[in-house]
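Report on the structure given below.
One is the number of the first residue; the rest follow in order along the sequence. All heavy atoms count here, side chains included; hydrogens, waters and symmetry mates do not.
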Amino acid sequence: MRTLMTFVFSAMFSLSVSAYSGSSAGGPHVDCKLPNGDMKFIPVEACKQRGGEIKH
């Protein structure tokens, strides 16, 4: 039982770490200034599609 719990917790931890790795299928996440003035932390492709400007 202890081995099963260790496996379950390690699997949950590894999935949560990969969720915040900073990149996705749309490319790395960047600070994007949208045409309406909003700043969003979104994938680079989403920023380009929305007509945003990538801030460094």
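Annotation: the span from N36 atom CG to R50 atom CZ amounts to 10.0 Å, rounded to 0.5 Å. Residue C32 holds its SG atom at 8.5 Å from CD of E53, rounded to the nearest 0.5 Å. If you take CG on D31 and SG on C47, they are separated by 9.5 Å, rounding to the nearest 0.5 Å. The CD1 atom of I54 lies 14.0 Å from the NZ atom of K33; values are rounded to the nearest 0.5 Å.
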Check: How far apart are the C-alpha atoms of K40 and L34, what are their side-chain angles, what is the distance that settles it, and do they pass the side chain to side chain contact (heavy atoms under 4.5 Å, CB included) test?
Finding: CA-CA 8 Å; K40 300 252 182 189; L34 299 173; 3.7 Å; yes
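Between G27 and V44, the closest heavy-atom pair is CA-CG1, 4.1 Å. Of all non-hydrogen atoms in G51 and P35, the two that sit nearest each other are O-CG, 3.5 Å.
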